[in-house]
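Every chain is numbered from 1 and lettered A, B, ... according to where its sequence line falls, protein lines coming before strand lines. As the structure is a prediction and not an experimental result, all values here were calculated from the model.
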4 protein chains.
Amino acid sequence: MTTTGTESARADGEGRGRRRGGRSAALPSERREHLVRLAADLFAEKGFQATTVRDIAREAGILSGSLYHHFDSKESIVDEVLSGFFDEVLAAYRAAVDRGGDPRETIAELVRIAFGTLEPHRAAITVLQNDWAYLKGMPRFAYLTRVEQDVEKMWVDTLERGQRSGVFRADIDARLTYRMIRDTIWVAVRWYRPGGSLRPQALADHYLKVMFDGIVTHS
Amino acid sequence: MTTTGTESARADGEGRGRRRGGRSAALPSERREHLVRLAADLFAEKGFQATTVRDIAREAGILSGSLYHHFDSKESIVDEVLSGFFDEVLAAYRAAVDRGGDPRETIAELVRIAFGTLEPHRAAITVLQNDWAYLKGMPRFAYLTRVEQDVEKMWVDTLERGQRSGVFRADIDARLTYRMIRDTIWVAVRWYRPGGSLRPQALADHYLKVMFDGIVTHS
Amino acid sequence: MTTTGTESARADGEGRGRRRGGRSAALPSERREHLVRLAADLFAEKGFQATTVRDIAREAGILSGSLYHHFDSKESIVDEVLSGFFDEVLAAYRAAVDRGGDPRETIAELVRIAFGTLEPHRAAITVLQNDWAYLKGMPRFAYLTRVEQDVEKMWVDTLERGQRSGVFRADIDARLTYRMIRDTIWVAVRWYRPGGSLRPQALADHYLKVMFDGIVTHS
Amino acid sequence: MTTTGTESARADGEGRGRRRGGRSAALPSERREHLVRLAADLFAEKGFQATTVRDIAREAGILSGSLYHHFDSKESIVDEVLSGFFDEVLAAYRAAVDRGGDPRETIAELVRIAFGTLEPHRAAITVLQNDWAYLKGMPRFAYLTRVEQDVEKMWVDTLERGQRSGVFRADIDARLTYRMIRDTIWVAVRWYRPGGSLRPQALADHYLKVMFDGIVTHS
DNA sequence: GATGAATGAGTCTTCATTCAT
DNA sequence: CATGAATGAAGACTCATTCAT
C-alpha cells in the first residue's frame with residue numbers, strides 16, 4: 001500500500017479490498033491489469049476525454065458494457081493508471097532522498113529516476129501532462145495535488161541543502177528551479193519514443209550535463 | 001503574417017465572413033475579438049473538449065446558437081486563438097534571428113520572446129500544452145505541426161551556429177537542447193500566474209542564468 | 001383574381017392588397033417577383049425544406065433578415081410560387097373546357113396545356129411533385145387539395161363525355177385514367193430539361209399518340 | 001443481390017455491425033427490421049427530412065439515442081429502406097428479362113412486377129418519389145442513380161426489341177416511353193391505398209390495356 | 001430597404017452507464 | 001463474464017425569425 005490512490009483518502013482498513021461501495025474489485029487480476037494497460041495507451045494517445053469506453057472495450061475485444069464487470073467507471077480506470085505510476089515514483093524518490101548523501105548526487109539520482117519512468121510509465125505521464133487541467137478539477141483526483149506537493153518538497157529540500165552546502169549556486173530560486181527540472185523531464189514524454197535511439201538514461205545524462213554546468217563553454 | 005490558420009470559417013457569406021487573404025481568421029470585429037478572448041480563457045481553464053459552446057456563450061451573456069453568428073464552429077474559435085499566438089511569436093522569432101549577431105545573444109533574445117508571450121498568450125499556450133494531442137489529430141490543425149518545425153529550425157540553427165563559433169559546448173545535442181528549452185519555458189504556463197510577483201522577464205533572466213551556466217557553482 | 005392562393009380563403013375584398021395581417025405586401029414589385037423566382041429555383045433544386053432562407057438571401061445578394069422586408073415567412077414564398085402556377089393553369093384549363101367541342105380535342109388541348117406549363121412553371125411543378133406530402137400537411141396549403149379536386153373534375157368530366165359519345169373506350173376507368181395522365185405529364189419535370197432538344201409540344205404530341213392509340217401496332 | 005447499398009453503417013464494432021458482403025445493410029435482426037419498417041412508414045408519410053429521429057424512436061417506444069444502437073445514422077435507415085426495395089425489384093426485373101420471349105409479354109411482366117411492388121414497398125417508392133432530389137445530392141446515395149440506369153436499360157432494350165420485331169410501333173421513342181411508363185406506375189403510390197378496392201394487379205391490367213391499345217376506340 | 005446581432009426551439013448524434021438474460 | 005438493448009443527459013450545430021440601428 002502507498003499513500004496515493006483513492007483508497008488513501010478513506011480508511012477502509014481492508015487492505016486490497018473492494019473500493020467504492022463494494023462494487024468493483026481492486027484485486028488486480030491479470031485480465032484487469034491488461035485492460036488498464038490498454039486503456040492507458042488509449043488515454044495517452046487520444047486524451048482521457050476523447051477516449052470512449054467503447055474504444056477501450058473494442059481494443060480489448062469485448063463490448064463496452066462488459067467493461068463494467070471490471071471497473072465501475074471510466075474514471076476508476078484512469079485512477080488505476082495514475083496511482084500505479086505515483087506509487088512507484090514516490091517510493092523511488094523517497095528512497096533516494098532517505099539515502100541522504102551529497103545533494104548533487106541526490107539530485108542526479110532523482111533526475112535519473114524521473115527519466116527512468118519515461119519508458120514504463122509513458123502513458124501515465126502523458127495523461128498527467130495532457131489531462132491534468134481536467135482531472136484536477138474532480139474531487140476524486142484531489143490526491144494528485146497532494147502528491148505533487150510532497151514531491152516538490154523533496155526536491156526543494158534537496159536543492160536548498162545543496163545551496164547551503166555551497167554545491168549549488170545561491171542566486172537561483174529553488175522552487176523555480178525544481179519546477180523547471182520537473183517540467184523539462186516529464187514534458188519529454190511528448191517527443192520521446194520508446195525503443196528509439198535515445199535511451200532514457202542517455203537523456204538523463206544529457207540533461208544533467210546541461211543542468212549542472214549550463215550550455216555555455218567555460219574555459 | 002498569416003502563415004498559419006486554416007481553410008474554413010463561416011463558409012456562408014452571411015455576417016462577417018470575409019477572410020484576410022482567404023486563409024485565416026475572419027475580419028476581426030471588436031465583438032468577435034472579445035468572444036475569442038473569453039473562449040480562450042475557458043479553453044485554457046477546462047480544456048478544449050471540456051469547454052462547451054454553451055460555456056462560452058454563457059460567459060458572453062448570449063445563447064449558444066448566437067455564437068454561430070460569429071464563428072462557424074467551436075474549432076474555428078480555437079483556431080483563431082492559436083493562429084493569433086503563432087502569427088505573433090513567429091514574427092518575433094524571425095525578426096530576432098534575422099537580426100543575426102552573437103548566437104548567445106540571439107538565443108537569449110529568443111528566450112526572452114518566449115517568456116514574453118507567457119502573459120499575453122497565456123491561454124493559447126495552455127491550450128497548446130493540454131490539447132495538443134487532440135488537436136494535432138485534426139486535419140484542420142495540421143499547420144500546427146508545420147509551424148512547430150519552422151520554429152525548431154530557427155532555434156537549432158542558432159544553437160549550432162553558437163557551437164561552431166565556440167560559444168556553446170560542442171558536447172550537447174542541439175535539437176535535444178532546443179526541445180528542453182522550449183518545453184521548460186512553455187510548460188511554465190501551468191504554474192505561472194500573471195500579476196504575481198514573478199514577472200516574465202525575471203523568469204527569463206533566471207532561466208537564462210541556469211541554462212547558460214548551470215546550477216552548479218563554478219569557482 | 002383566381003380561386004387559388006391564400007387570399008382565396010379569406011374575403012378581404014381588397015383586391016391585390018396586403019395579406020396576413022397587413023404585414024407583407026402582395027403587390028408584385030419587380031424586386032419581389034425576382035426574389036420569388038430565385039427562391040422557386042432553389043426550392044425545385046434542393047427541396048423546400050432543404051432550402052434555407054439564407055440560401056435564398058445569398059442568391060439574391062442580401063442577408064437573410066432582409067428577406068423579411070419582402071415576405072413574412074418562408075412559407076409565403078412557396079405560396080406565391082405555387083399559386084402563381086395554379087392561377088395560370090386553372091384559367092387555361094377552364095377556358096379549354098368551356099370552349100366545349102369534341103372531347104378528344106378537348107383532352108388533347110388539356111394535355112398540351114399541361115405540357116406547356118413544363119417550361120415556364122418548371123420550378124413550381126417540381127416543388128409540387130417533391131414537397132407535396134410535406135406541404136399538404138399544413139393548413140395554409142389546404143387550398144392545394146381543393147384545386148386538385150377542381151382540376152380532376154374537369155378532366156374526368158371530359159373523359160366521361162368522350163366515353164358516352166363513343167370516342168373513348170368504355171372499359172377504362174375515367175378517374176384512374178386521369179390520374180395516370182396527370183402523373184405522367186407532370187412527373188416529366190424530373191427529367192425534362194428546358195432548352196434541350198425535346199420541346200414540350202413535341203413531348204405532348206408523342207404522349208397523345210401513345211395515349212390515344214397505345215404502343216402496340218394495329219394493322 | 002446486393003448490387004445496391006452503401007459503405008458505412010455502424011462503423012464501430014459494437015452491436016450488430018457486421019454487414020452482408022461488407023456492402024449493404026447490417027445483419028438483420030428482427031428488432032432492426034421492425035425499426036426499419038416503422039421508419040419507412042414515417043419517411044413516406046412526412047418525408048425524410050421532416051421525419052425526426054425522435055419521431056422514429058417514439059413510434060418504436062424507445063428514446064432517440066437508443067436508435068443509434070441499431071443504426072449509425074438517420075441516413076443509414078433510409079438506405080436500408082431503399083436498398084431493400086432495389087435489391088428485390090432489380091432481381092425480379094432481371095429474371096423477367098432473362099426469361100426472354102415475346103417482348104410484349106416481357107413488358108407486360110415488367111409492368112406487373114412494378115405494380116406488384118406498390119403494396120410491399122409502398123413506403124420505399126414514396127420516399128423515392130418525394131425525396132429523390134434531396135437524396136441524390138448525397139454521395140452515399142450515388143448508387144440510386146446507377147441502379148436507375150440499369151433499370152432503364154432493361155426496359156429500353158425490351159421496348160426496342162419489340163419495335164424491331166414489329167410488335168410495338170416504330171414511331172415512338174423507347175426511352176421516352178419507358179420514362180412515362182415508369183413514372184406513371186410509381187407515381188401511383190401517391191394515391192394508391194393498400195387494402196382499397198383496387199388491387200395492384202387490377203391496376204396493372206388497366207394500365208396495360210391503356211398502354212398497349214390506347215384510350216381511343218378502334219373499330 | 002438593408003444590416004448585424006441575437007433568439008429559441010429543434011436537429012442529429014455521442015456516450016457513460018445500467019441491467020436482464 | 002459477456003451480450004445486447006436501452007437510458008438519459010448532454011453536445012455541437014442549424015435555422016426561421018425578430019428587431020434596433
Side-chain angles (χ1 to χ4, degrees), chain A residues 23 25 29 31-32 35 49-57 60-77, chain B residues 12 14-17 27 29 31-32 35 49-57 60-77, chain C residues 23 25 29 31-32 35 49-57 60-77, chain D residues 12 14-17 27 29 31-32 35 49-57 60-77:
Chain A
R23 263 267 220 51
S29 67
R31 184 96 178 98
R32 189 186 172 83
L35 291 173
Q49 295 168 83
T51 301
T52 71
V53 109
R54 252 139 109 142
D55 289 336
I56 302 170
I62 57 179
L63 290 178
S64 60
S66 309
L67 266 185
Y68 287 80
H69 284 286
H70 303 277
F71 309 95
D72 59 303
S73 72
K74 191 182 157 188
E75 279 176 31
S76 78
I77 307 182
Chain B
D12 62 312
E14 185 135 328
R16 347 195 84 266
L27 262 189
S29 68
R31 186 91 180 98
R32 191 186 170 87
L35 293 172
Q49 296 169 84
T51 302
T52 72
V53 109
R54 273 211 264 275
D55 290 337
I56 303 171
I62 57 178
L63 290 179
S64 67
S66 308
L67 267 184
Y68 288 80
H69 183 67
H70 303 277
F71 309 95
D72 67 327
S73 69
K74 191 180 153 190
E75 278 177 32
S76 79
I77 306 183
Chain C
R23 264 267 219 52
S29 67
R31 184 97 179 97
R32 191 187 171 82
L35 292 172
Q49 295 167 85
T51 301
T52 71
V53 109
R54 253 137 108 138
D55 288 337
I56 302 170
I62 57 178
L63 289 178
S64 61
S66 309
L67 266 184
Y68 287 79
H69 284 286
H70 302 278
F71 309 95
D72 59 302
S73 72
K74 192 181 157 189
E75 280 175 31
S76 78
I77 307 182
Chain D
D12 62 314
E14 185 134 329
R16 348 194 84 266
L27 260 190
S29 68
R31 186 91 181 99
R32 191 185 170 85
L35 293 172
Q49 296 169 84
T51 301
T52 72
V53 108
R54 273 212 266 271
D55 290 336
I56 303 172
I62 57 179
L63 290 180
S64 66
S66 308
L67 268 183
Y68 288 80
H69 183 66
H70 303 277
F71 309 95
D72 68 328
S73 70
K74 192 181 154 189
E75 278 177 33
S76 78
I77 306 182

Revision key, fill the gap. So OG of C:Ser73 and CG of C:Leu67: to nearest 0.5 Å the spacing works out to 11.0 Å
Review point. Which base sits across from E:dT7 as a Watson-Crick or G-U pair, both distances under 3.5 Å?
Key: F:dA16
**Study point:** C:Ile62 side chain reached by C:His69 side chain, heavy atoms, under 4.5 Å
**Key:** no
**Study point:** Opposite nucleotide pairing with E:dC12, Watson-Crick or G-U, both atom distances under 3.5 Å
**Key:** F:dG11
Check your understanding: OP1 or OP2 of F:dT14 less than 4.0 angstrom from a side-chain nitrogen or oxygen of B:Tyr68, does that happen here?
Key -> no
Practice item. Compare all side-chain heavy atoms of C:Ile56 with those of C:Thr51 and state whether any distance is below 4.5 angstrom. Key: yes
Hey, what are the protein-to-nucleotides 7-9 of chain F N/O distances that come in under 3.5 Å?
from, atom 1, to, atom 2, distance (Å)
F:dT7, OP2, D:Leu63, N, 2.8
F:dT7, OP2, D:Ser66, OG, 2.7

Practice item. Return no unless some side-chain N or O of A:Arg31 is found under 4.0 Å from OP1 or OP2 of F:dA2. Key: yes
Review point. At under 4.0 Å between heavy atoms, what does D:Arg54 touch on the DNA or RNA strands: base, sugar-phosphate, or nothing?
Key: base
Review point. Minimum heavy-atom separation for C:His70 to C:Arg31, with atom names?
Key: CE1-CG, 3.7 Å
Check your understanding: Which nucleotide, in any strand shown, forms a Watson-Crick or G-U wobble pair with E:dT21, with both distances under 3.5 Å?
Key -> F:dA2
Exercise for review: Search all heavy atoms of B:Val53 against all heavy atoms of B:Ser64 and return the closest pair with its distance.
Suggested key: CG1-CB, 3.7 Å
Review point. To the nearest angstrom, how far is B:Gln49 atom CD from F:dA10 atom C1'?
Key: 15 Å
Review point. Rounding to a whole Å, what distance do you find between A:Asp72:CG and E:dT17:C1'?
Key: 11 Å
Exercise for review: Could you tell me whether B:Val53 contacts a base, only the sugar-phosphate backbone, or nothing, with contacts defined as non-hydrogen atoms closer than 4.0 Å?
Suggested key: sugar-phosphate
Practice item. Return the minimal non-hydrogen interatomic distance between D:Ala60 and D:Leu35, and the atom names on each side. Key: CB-CD2, 3.4 Å
Check your understanding: 5'-most contact on DNA chain E: B:Leu35 or D:Asp55, nearest heavy atom basis?
Key -> B:Leu35
Exercise for review: Take atom CZ of C:Phe71 and atom P of E:dA2, then tell me their distance rounded to the nearest Å.
Suggested key: 11 Å
**Study point:** Gap between atoms NZ and C1', on A:Lys74 and E:dT18 respectively (whole Å)
**Key:** 17 Å
Practice item. By nearest nucleotide on DNA chain F, pick out whichever of C:Thr52 and B:Thr51 is the more 5' one. Key: B:Thr51
Exercise for review: Indicate the atoms forming the closest heavy-atom contact of B:Lys74 with B:Tyr68, along with that distance.
Suggested key: N-OH, 4.3 Å
